[in-house]
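Data first, discussion second: the structure below is written as C-alpha cells.
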Amino acid sequence: MAKGYQRPSTLLDRPWHFCPGCNHGIAHRLVAEVVEEMGMVEKTVGVGSVGCGVFAYEYFNFDGIGPSHGRAPAVATGVKRVLPDHLVFTYQGDGDLAAIGTTEMVHSAVRGENITVIFVNNTLYGMTGGQMAPTTLTGQVTTTSPRGRGREQGFPFRVSEMLATLEGAAYVTRVALFNPAQVVRAKKAIRKAFEVQMQGLGFSLVEVLSACPTNWGLAPLEALKFVEEKMLPTYPLGEFKVPEGVKA
Amino acid sequence: MKKEFLLAGFGGQGVLTMGLFLAYAGIAEGKKVSYVPSYGAEMRGGTANCLVTLSDREISSPLVSDPGVVVVMNQASLLKFEPVVRPGGILLINGSLVHRDTKRTDITSYFIPAAELAAEAGLPRGSNMVVLGALLEATDAVDPSGTYNYLVKTFKGKYLDKMALNMAAMEAGRQFIRQQRAVRQASIA
Amino acid sequence: MSEPILMKGNEAVAEAAIAAGCRYFFGYPITPQSEVLEQLARRLPEVGGAYVQAESEVSAINMVFGAASAGARVMTASSSPGISLMQEGISYIASAQLPAVLVNIMRGAPGLGGIHPSQADYFQSVKGGGHGDYRLVVLAPSSVQELIDHTVLAFELAEKYRTPVMVFGDAMMGQMMEPVVLPDTEPYPVHRPWATTGMKGGRGPNIVHTLYLPADKLEQHCQRLFAKYAEIERNEQRSVQYLTEDADIVVVAFGIMSRVARAAVEMAREHGIRAGLFRPVTLWPFPAAALREAASQARLVMAAEISMGQMVEDVRLAIQGRVPVTLFNRIGLVPNPDEIFERIRKEAREVQLVNG
Ligand SMILES: Cc1ncc(C[n+]2csc(CCOP(=O)(O)OP(=O)(O)O)c2C)c(N)n1
C-alpha cells in the first residue's frame, strides 16, 4: 500500500470537471487504482460513455475510447474480440446503460462477453440537467417528473437483479460510495470483476450507487445520506451473481 | 455468340441446378457467364426460375426480355414464359407435367416425356437432368462434356453410381431430341 | 491467375473481405444480404478471425467502431433498413477517423419496402445519412467480379484515408452468380499507431473519440476532416465510359443498372442512334468533371436508376445546365434493356436525332 493519499499513475494530473460532492470522481479513481494494482496499464482499454463520465478518457492514463450514447458495451465487444487478452471495461451512467443502451448492455451479458461494465447509478440524467431516468426512484422529483415519479412514469429499473438471471453474466454486484467502508468494498468489487474478466469467466457488472448533489438539490453530505436512506431500499447492496469457484 | 436460357418450374424440380450446370459448362469453355436466380415474391409462390447467359463477349445486361431458349418444367411456367421466347428460339417443355399445346409457331418446341425417360434411365427424380440433356442437344450452346466435368466436380468422386445415373438421364434427353429431329426432318422430306 | 469459379455476389463479398485481410465481421441478418453473414460465420474462424452476430445493426456498427479502434481490419454488411440503423455509428466512425468497410446490398424502400433490387439509398449514403459534416466514400460495382475488386479497394481506401468506405450492391447483385477470380495479392498493410491497443512500449494513452466541446476545436476538427475529403476528391474519382466520344445521348447509370443501360446503348447503336454510357464507379466522390467532359458533345443526358431519382441530382450538378438532363427510373426491379432502349429512342425522336 502506498503511504498516505497519492494519485495512482493511471490517473492523469488534471482537476475533475465534476460538481462538488459528485461520486463520479471516486468511481474513476477506484477503477484507475485497480488497473494499476493489477499491473494492467499496458493492456487496458477503457470505453467511456455519454453522460457526466464522458471525459473519462481525459483522466485515465491508459488507452480510451469515447463511443456514442449507450453503445459502450457493443464498442467494448469489438475491442475485446480483437484484443482478447486485454482488460476491457465500459464506464456508463444509468441513462446511458439502463435507457438508450439497454439492448447493448443486456446482449453483451447474453453473449457472455468477457468485458466489465462499471455502471454508475445516480437515479437520473446528470449531464443533461437532471431529467428522469429508468432508475429514478418512485416519487422522486426530477425536471421531467416534476410531480414525482408516479404510475405513468413506470418503476425503478433494477439492472443488477435482472442481469443476474442471465447465464452469460458471471459476476454482478451492487456497491455504494456513501462512506469509506463502502468505498473500500466498491474497490474490491471492481477488482473482482476485472479478475473474473481476465479469467475469461464472462460478463461482469459493478453497479455503483452514486450521489448527484447538484441535480438532487442537496448538499454533498445530504446527498450521501440520500443514497443510504432513499436508494438502498430500492437498490439493495450485495452480490447478485458470483461465478463458481470464485469466493463470494 | 450470346445465348440466354430461361429455366422455369416449381421449387424442388432442380431448375436452379440445371442453371448451375449450364453456367459451369460455359465457364469450362472460357465463356462469359451470368446466372440470375429468380428472386422475391416468386420464391414464395413456389415457382423457381433462373436466367443463364453464356457469351463470347462481356455480358452487358444479365437480364433480357426475350431469351432465346426457354425451359418450362410445369404448366404455370409455360403460361408465363411461352410468350417471351425470342422468335426463332427454342422452347423445351416437360411433357410429363404439361398437358397443353404451345401456341407459338415461330419457335421450335419440344415436349419431352422427362419423368418417363428419367425413370427408364434409373433416376426417377431426374427429370431435370433429362431436360438438361435435351437442352444441350437442341441448342448446341456448349459442349456437353463441360457439364459432365461439373458433375464429376460436384460428386467429388463420391456417389459414382449416382453420377452414372445422372449421366444416363442426360443421355436419354439428348437421345430424345435426336430422334425428334430425325422424325421432323423425315416429315419435311 | 487462378481458375474462375462461379460465385454468388454475397459470397463473393465475404471471400473478398477475407482476401483483403479482414478478420472481424459484426452483423445482423437481413434479406437479401444474409449470405454475407453466413459465409463469414463459417469462414472467419477458419482463418483465425471472429464473427459476432450482433443483436441489432446499431450494435453491429458500434462493434465495428470498437474493433477498428483496437486496430483490426473490420467490416459489416446489411441491407437498406439495417443501414438506416447504422447511420449514427457511421457518423461517429467518420468523425473518429476509423477505417471500416460497410456493404449495403440495397433493397426496396422506404419503410420495410420489399426485398427487390433497389438503388434508393443513394441520398442516404452519398449525401450524408448520419448527423453532421462528414463524407462516406461510396463505391458502385456492377458485376460479381467488381463486388470482389471493390471490396478489396474499399479496405485499401479506408486504411489509406482513415475513413469509412461503403460498397453498394443490390438484391440482384447479391444473389446473381458470375465467374470470378479472387485476388492473390498481399492485402494493403494495416498501420495504425493511433489504435487503442494498450500502452505497451511506454507510449502515452491513445484516445479514439468524437467530442470537441470548445467551438474552435470542433471547427478545426471539421476542417481537418474536409482537407482529407478534398484529397479523396482529387485522387479517387473513378468512372467508366462506353461509346461516349461521339454520343448524342449519354446515359448515366451505376451498379446493376449500368449493365442494363450498356445493353440498351448497344441496341440504340444498332438502330443508328449515337448513344453512350457514363458509369460513375465512385458515387462519392462523384466524377463530375469526367461526366461534364463526356457529355460535352451530347444533346441529352439521361440518368437511369432504380429509385425515384436521386443520382440524377448529382448528374444535373455536374452538367451545370449545359444539356437537358432527363430521368429513366423504375422501382422494385431491374428493368430489361429494351425498356431503356425504347426510352432512348423516344428521347432521340424528341431531340430530333432520328425521324419518326
Ligand atoms: C443519441 C443521444 N441522445 C441524447 C443525448 C444527450 N445525453 C447526453 S448525456 C445524457 C444522459 C446521461 O445520463 P446518465 O447516463 O445517467 O449519466 P450521468 O450524466 O447521470 O452520469 C443524454 C440523454 C446524446 N448524447 N445522444
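Chain letters run A, B, ... following the sequence lines, proteins first, then strands; residues in each count from 1.
Nearest heavy atom pair, residue A/G78 against residue C/F26, reads CA-CZ, 4.0 Å. Closest approach of A/L83 and C/A70 over heavy atoms only: CD1-CB, 3.8 Å.
Atom CD1 of C/I207 sits about 10.5 Å away from atom CZ of A/F60, to the nearest 0.5 Å.
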Return one line per donor-acceptor pair between chain C and chain A under 3.5 Å, naming both atoms and the distance rounded to 0.1 Å.
residue : atom : partner : partner atom : Å
C/E55   : OE1  : A/R111  : NH1          : 2.9
C/S59   : OG   : A/E104  : OE2          : 3.4
C/E88   : OE1  : A/R71   : NE           : 3.3
C/T197  : N    : A/D63   : OD2          : 3.0
C/T197  : O    : A/H86   : NE2          : 2.6
C/G198  : N    : A/D63   : OD2          : 2.8
C/M199  : N    : A/E42   : O            : 3.3
C/R203  : NH1  : A/D63   : OD1          : 2.8
C/R203  : NH1  : A/D63   : OD2          : 3.4
C/R203  : NH2  : A/D63   : OD2          : 2.8
C/N206  : N    : A/D63   : OD1          : 2.7
C/N206  : O    : A/G64   : N            : 3.0
C/V208  : N    : A/G64   : O            : 3.0
C/V208  : O    : A/G66   : N            : 2.7
C/H209  : ND1  : A/Y57   : OH           : 3.1

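Heavy-atom distances place no part of C/A96 under 4.5 Å from chain A, backbone and side chain included. For A/I65, the parts lying under 4.5 angstrom from a heavy atom of chain C are both the backbone and the side chain. The contact between A/V45 and chain C is made entirely by side chain atoms (from C-beta outward), counting heavy-atom distances below 4.5 Å. Proximity to chain A (any heavy atom under 4.5 Å) is restricted, for C/L213, to the side chain, taken from C-beta onward.
The candidate with the highest count of non-hydrogen atom pairs below 4.5 Å against chain A, out of C/V64, C/V208, C/V74, is C/V208. Note: C/A67 leads C/A68, C/G49, C/A67, C/A60 in heavy-atom pairs under 4.5 Å with chain A. Your options are A/G64, A/G46, A/G66, and the one with the most heavy-atom pairs under 4.5 Å with chain C is A/G64.
Atom CD of C/Q220 is surrounded by more than 12 heavy atoms from other residues, nucleotides or ligands within 6.0 Å. When the shell of 6.0 Å around CD of C/E186 is examined, it contains 12 or fewer heavy atoms from other residues, nucleotides or ligands.
Residues passing the salt bridge (charged side-chain N to carboxylate O under 4.0 Å, His left out) test with C/K160, sequence neighbours excluded: C/E156. Take A/F194 and apply the ring-ring contact (aromatic ring centres under 6.0 Å, His included) test, not counting sequence neighbours, and it matches A/F89.
Of all residues in residues 99-106 of chain C, none places a non-hydrogen atom less than 4.5 angstrom from a non-hydrogen atom of chain A.
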